[in-house]
Novice: 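There's a structure below that I have some questions on.
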There are 2 protein chains.
Amino acid sequence: MHKLVSKKPEHETIYLRVKEMILFGEVIPGQPVTIHGLADLIGTGVTPAREAIRRLTAEGALVIQTNRRIEVPAMTADRLQQIELVRMTVEPELAEAAASNCKPNDISELERLDLLVDEAIKVGDIRGYLEANYRFHFYLYGLAEAQILRGIAETLWLRIGPSLRVVCGRYGTANLVDHHRATTRALRAGDAATTREAIAQDIRQGMDFVRQTAFE
Amino acid sequence: MHKLVSKKPEHETIYLRVKEMILFGEVIPGQPVTIHGLADLIGTGVTPAREAIRRLTAEGALVIQTNRRIEVPAMTADRLQQIELVRMTVEPELAEAAASNCKPNDISELERLDLLVDEAIKVGDIRGYLEANYRFHFYLYGLAEAQILRGIAETLWLRIGPSLRVVCGRYGTANLVDHHRATTRALRAGDAATTREAIAQDIRQGMDFVRQTAFE
DNA sequence: ACGCAATACTTTTGATCAAATTGCCCGTGA
DNA sequence: TCACGGGCAATTTGATCAAAAGTATTGCGT
């Protein structure tokens with residue numbers, strides 16, 4: 001019999017929790033992070049918290065300001081440009097590759113996730129929007145079976161998460177537009193090139209939206 | 001009085017040491033890594049070793065096979081292709097940006113490093129070649145002042161380091177060709193576009209060289 | 001000799017504690 | 001009021017230990 005509960009280590013739990021907090025806008029740029037703070041968050045010792053912090057800083061989700069100040073990084077126009085360059089390379093590629101491996105029930109799942117996105121936008125649920133949008137994209141990217149590219153995409157999402165939250169909070173969810181419908185339509189048609197283009201458009205528009213905000 | 005020696009933490013020391021081992025071909029794909037092994041390597045406790053491992057796995061330099069087996073990842077044709085895609089996006093961009101910030105003594109330094117590369121190739125010093133080649137590229141990339149792109153480039157180099165070592169060991173250094181001279185010439189001419197192209201060629205050729213080897 | 005099971009050993013994992021480092025606050029003096 | 005310095009407090013850092021988990025090995029029975 002297979003394991004019912006996969007007991008994951010504490011440091012993994014902390015890592016995943018903080019990752020969610022960053023991706024889904026529960027933290028703010030500039031917010032300090034301490035080892036004890038994370039340990040208390042989960043209710044564990046400091047050792048696993050340290051490992052989670054090392055992992056997150058290695059991924060660029062946190063930055064070490066001084067020896068004893070770690071915080072979630074602030075966005076700048078320059079950093080945004082670097083992120084966009086790599087996103088525009090990696091994510092359309094993932095989308096195109098995903099189109100080849102995509103089965104009908106995968107498309108159904110993507111359409112379900114897109115409905116969650118629309119619903120969150122309608123009711124102005126920022127956290128819900130960020131989470132559903134993330135799940136849509138990475139369910140798609142997971143189909144590509146390109147572990148390295150997918151990992152890079154995740155680090156980039158970790159970097160823009162806090163800023164997305166700030167921008168959404170300022171302008172609301174009403175102005176949010178996405179190209180998910182075009183994506184699922186292309187997938188149903190088995191059109192990989194159009195899938196790639198739809199995701200490319202989605203990213204471009206999303207990054208433009210973030211760029212609206214003045215940084216620093 | 002300012003501090004003369006900046007005492008860096010043990011986990012940083014271990015991290016840098018293992019990073020060098022991977023980049024400069026001191027480890028072999030498939031080689032297992034244990035917490036105690038790293039701790040003994042530096043002569044320290046296991047706590048800092050754990051943090052170093054978390055960081056390295058987050059960067060893709062190590063992979064977690066099972067719960068208690070961590071090793072240097074093996075290369076596959078598929079992984080190589082993913083790496084090349086991102087390298088060809090990031091590194092030429094870094095090179096072009098570097099050209100704008102490049103001062104004369106920077107070029108001199110790059111030429112000095114290139115001489116070390118040539119010398120290592122001539123005497124067949126694989127480790128020396130890998131190190132000098134790395135220093136040439138990342139001295140250049142450092143000039144670009146694009147922290148995120150540079151970080152991504154480093155993770156990609158960490159991923160191909162062990163394989164480069166294997167390929168060089170098999171075919172020797174005699175067949176190695178690079179485009180460093182074209183790079184420094186373009187830099188002296190202040191020609192950013194040609195600098196970008198030289199580095200792009202350098203990467204393409206290097207990746208082709210690795211691709212020669214059949215991965216099972 | 002082979003398969004199966006139990007045991008022993010290696011390794012990770014997480015808590016705790018002492019020491020070191022650094023930021024911070026407050027008081028003193030000009 | 002402000003600059004400077006000392007001391008306090010919070011935090012990181014690294015070692016150590018106990019417990020858990022998995023792997024390899026040994027031994028037993030057929």
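These numbers come from a predicted model, not from an experiment. Throughout, a chain's letter reflects where its sequence line sits, starting with A, and its residues are numbered from 1.
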Novice: Does a side-chain N or O from A:Thr44 land closer than 4.0 Å to OP1 or OP2 of C:dA15, or not?
Specialist: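 Yes, A:Thr44 has a side-chain N/O under 4.0 Å of OP1/OP2 on C:dA15.
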
Novice: Which side-chain N or O atoms in residues 13-20 of chain B pair as donor and acceptor under 3.5 Å with protein atoms at least two apart or in another chain?
Specialist:
| unit_1 | atom_1 | unit_2 | atom_2 | d |
| --- | --- | --- | --- | --- |
| B:Thr13 | OG1 | B:Pro9 | O | 3.2 |
| B:Tyr15 | OH | B:Glu59 | OE1 | 3.0 |
| B:Tyr15 | OH | B:Glu59 | OE2 | 2.9 |
| B:Lys19 | NZ | B:Glu154 | OE1 | 2.8 |

Novice: Could you check how far CD of B:Glu12 sits from P of C:dA20, rounded to whole Å?
Specialist: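 Distance check: B:Glu12 CD to C:dA20 P gives 21 Å.
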
Novice: Measure CD/B:Gln65 against C1'/D:dT23 and give the value in whole Å, please.
Specialist: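 Rounding to the nearest Å, CD of B:Gln65 and C1' of D:dT23 are 15 Å apart.
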
Novice: What does the list of N/O pairs under 3.5 Å between the protein and nucleotides 9-13 of chain C look like, with a distance for each?
Specialist:
| unit_1 | atom_1 | unit_2 | atom_2 | d |
| --- | --- | --- | --- | --- |
| C:dT11 | O2 | B:Arg68 | NH1 | 2.6 |
| C:dT12 | OP1 | B:Ile35 | N | 3.2 |
| C:dT12 | OP2 | B:Ile35 | N | 3.2 |
| C:dT13 | OP2 | B:Arg54 | NH2 | 2.8 |

Novice: Can you tell me how far P of D:dT16 sits from CG of B:Asp40, to the nearest Å?
Specialist: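 To the nearest whole Å, that distance equals 12 Å.
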
Novice: Which pairs count as salt bridge (Lys or Arg N to Asp or Glu O under 4.0 Å) when at least one residue sits in residues 136-148 of chain A, sequence neighbours excluded?
Specialist: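 Residue pairs passing salt bridge (Lys or Arg N to Asp or Glu O under 4.0 Å), neighbours aside: none found.
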
Novice: Which residues pass the ring-ring contact (aromatic ring centres under 6.0 Å, His included) test with B:His11, not counting sequence neighbours?
Specialist: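 Scan of B:His11 (ring-ring contact (aromatic ring centres under 6.0 Å, His included), adjacent residues dropped) gives none.
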
Novice: Any donor-acceptor pair under 3.5 Å linking the side chain of B:Asn105 with the backbone of B:Ser108?
Specialist: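 Checked: no pair found.
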
Novice: Output every pair passing side chain to side chain donor-acceptor pair (under 3.5 Å) with a member in residues 85-95 of chain A, not counting sequence neighbours, ordered by first then second residue.
Specialist: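 As it turns out, the side chain to side chain donor-acceptor pair (under 3.5 Å) pairs with a partner in residues 85-95 of chain A, which skip direct neighbours, are A:Arg87-A:Glu91, A:Thr89-B:Thr89, A:Glu91-A:Tyr141, A:Glu91-A:Trp157, A:Glu93-A:Arg196.
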
Novice: What side-chain donor-acceptor pairs closer than 3.5 Å can you find for residues 39-51 of chain A, not counting sequence neighbours?
Specialist:
| unit_1 | atom_1 | unit_2 | atom_2 | d |
| --- | --- | --- | --- | --- |
| A:Glu51 | OE1 | B:Arg54 | NE | 2.7 |
| A:Glu51 | OE1 | B:Arg54 | NH2 | 3.2 |

